[in-house]
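Data block below; observations after.
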Amino acid sequence: MSTPAHWSSRFAFIMAAVGSAVGLGNVWKFPYMAGTGGGSAFVLVYLGCVLLVGVPILMAELMLGRRAGQSPYYSMVELGRRFGGTPAWGFIGAMGVVAALMILSFYSVVAGWALAYVPKLFAGSFAGATAETTGAAFGAMLAEPLTLTFWHALFMLGTVLIVARGVQAGIEKAVVWLMPMLFLMLVMLVGYAAVTGDFAAGFAYMFRPDFSKVTPDVVIAAAGQAFFSLSIGIGTMLAYGSYLPRTVSLPSTSVIIALADTSCALLAGVAIFPIVFANGLNPSEGPGLVFVTLTVAFGNMPGGSIFGGIFFILLFVAAITSSVSLLEPIVATLEQKTGMKRSTLSWLVGLAAFALGMATVFSFNHWADFHPLGGGRTVFDLIDYVTANIMLPLGGVLIALFAGWCMDRDTSASELGMVGSPLFTAWRLLVRFFAPAMVVLVAATKLTA
Ligand code: TRP
């Protein structure tokens with residue numbers, strides 16, 4: 001047996017956790033949601049959700065992982081037995097493993113689109129493009145299962161190669177240079193947007209207060225987005241927490257992770273919207289925003305091919321540091337269960353996720369009209385819906401409840417390094433009452449939506 005895996009430094013852990021949090025969700029989804037949700041009103045609600053629900057659950061998940069020091073499933077079995085009266089709490093870990101596999105399967109396909117756009121942009125294929133031509137190009141790509149499969153396979157291969165090498169030699173080595181690179185590219189794009197775009201309009205769109213737009217739907221959307229963006233609820237942070245030494249303060253690192261995640265989302269918006277407005281494009285384009293809308297701008301601006309290429313590399317980097325955090329909890333759990341080698345398991349799980357991802361690939365072409373449960377949802381829509389709206393909130397609420405009600409006060413306080421702190425009382429109130437209530441509200445509303 002090798003020594004248990006652990007991060008080599010607090011910096012490496014923070015890069016890994018921020019890498020997990022900052023992903024596809026930040027770069028196109030957040031800006032779009034902020035824009036349609038009333039700009040600064042949405043941003044404020046979102047910040048509130050991150051602070052009052054996200055950070056407490058993030059702290060809880062990291063705390064449980066570090067306390068048990070095992071893979072996500074076995075950590076929850078062990079803690080359940082010790083503090084919860086039953087190993088059935090392992091359900092959180094088991095469901096997390098399944099959810100992670102499901103998310104990874106489509107995440108890789110979508111990240112593959114970003115990868116596919118890198119050479120397209122650098123080659124200048126969108127020069128002089130209009131919204132019609134970029135829309136047609138995007139549609140044409142989705143119509144070709146072979147093309148999608150190729151980029152999906154390539155992205156999954158990259159994810160497997162990183163996780164197969166282990167926590168320090170793989171994940172850490174990748175994130176400690178990918179994350180600063182990501183940040184640099186983001187800042188560069190913000191600069192580019194400031195120079196070539198309509199910065200005032202983009203900024204106003206995101207930050208001009210309009211509280212009339214704060215509806216219950218916006219609050220719920222903001223809460224759900226906070227969950228997904230912070231990577232909580234399915235065991236990613238249980239796994240990452242289990243590799244943490246006792247000396248690291250969980251409250252302060254959780255705040256750092258949340259701050260970095262939120263800043264990256266805000267920066268992505270500040271990089272995207274000025275370009276959108278300067279070109280008279282539609283900011284509420286949705287999933288097509290970066291692939292259809294933004295490419296029009298890149299095709300018609302000075303240096304657009306280069307900065308466009310950089311933008312899609314950024315999207316890819318953000319995605320791969322997240323996808324490794326989806327593969328890791330699965331591999332860690334199976335490693336403990338089977339005793340098989342991490343590298344072998346990484347390949348096997350990667351292959352399974354790749355195979356499952358083919359359902360997403362076909363959802364855009366051969367199976368585009370196949371709606372297994374009716375309601376116009378493709379298989380991809382269903383996988384996305386079930387994970388985001390059911391499994392993620394359920395996992396989050398169970399983690400909050402377990403940390404708040406099963407773990408005793410003293411153990412939590414000492415594990416969090418908050419003995420005697422009034423902030424500890426606040427944390428406990430949030431995970432016991434506020435976060436569960438909020439999550440149940442989100443889940444209930446999403447289910448009926
Ligand atoms: N947070 C990532 C994003 O914003 C996605 C992600 C990675 C995730 N790991 C996760 C979401 C675990 C939920 C749970 O794109």
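What's counted below: heavy atoms across the whole structure, side chains too, no hydrogens, waters or symmetry copies. Numbering of ligands and ligand atoms starts at 1, following listing order.
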Legend entry - Proximal protein residues to ligand 1, non-hydrogen atoms under 4.0 angstrom: S20, A21, G23, L24, G25, N26, Y107, F228, S229, S231, I234, T236, S322, S325, L326, L392
Legend entry - Y243 side chain to E172 side chain, donor-acceptor N/O pair below 3.5 angstrom: no
Inset, instruction - May I ask you to check whether W405 and F433 place their ring centers less than 6.0 Å from one another? - result: yes
Inset, instruction - Answer yes if the ring centres of F138 and W113 are under 6.0 angstrom apart, and no otherwise. - result: yes
Legend entry - Pairs involving residues 255-277, ordered by first then second residue, that meet side-chain hydrogen bond (donor to acceptor under 3.5 Å, both in side chains) (sequence neighbours left out): N26-D261, S229-D261
Inset, instruction - Indicate, with yes or no, if the rings of F228 and F30 have centres closer together than 6.0 Å. - result: no
Inset, instruction - Inspect the contact between K341 and E335 and indicate whether a charged nitrogen and a carboxylate oxygen are less than 4.0 angstrom apart. - result: no
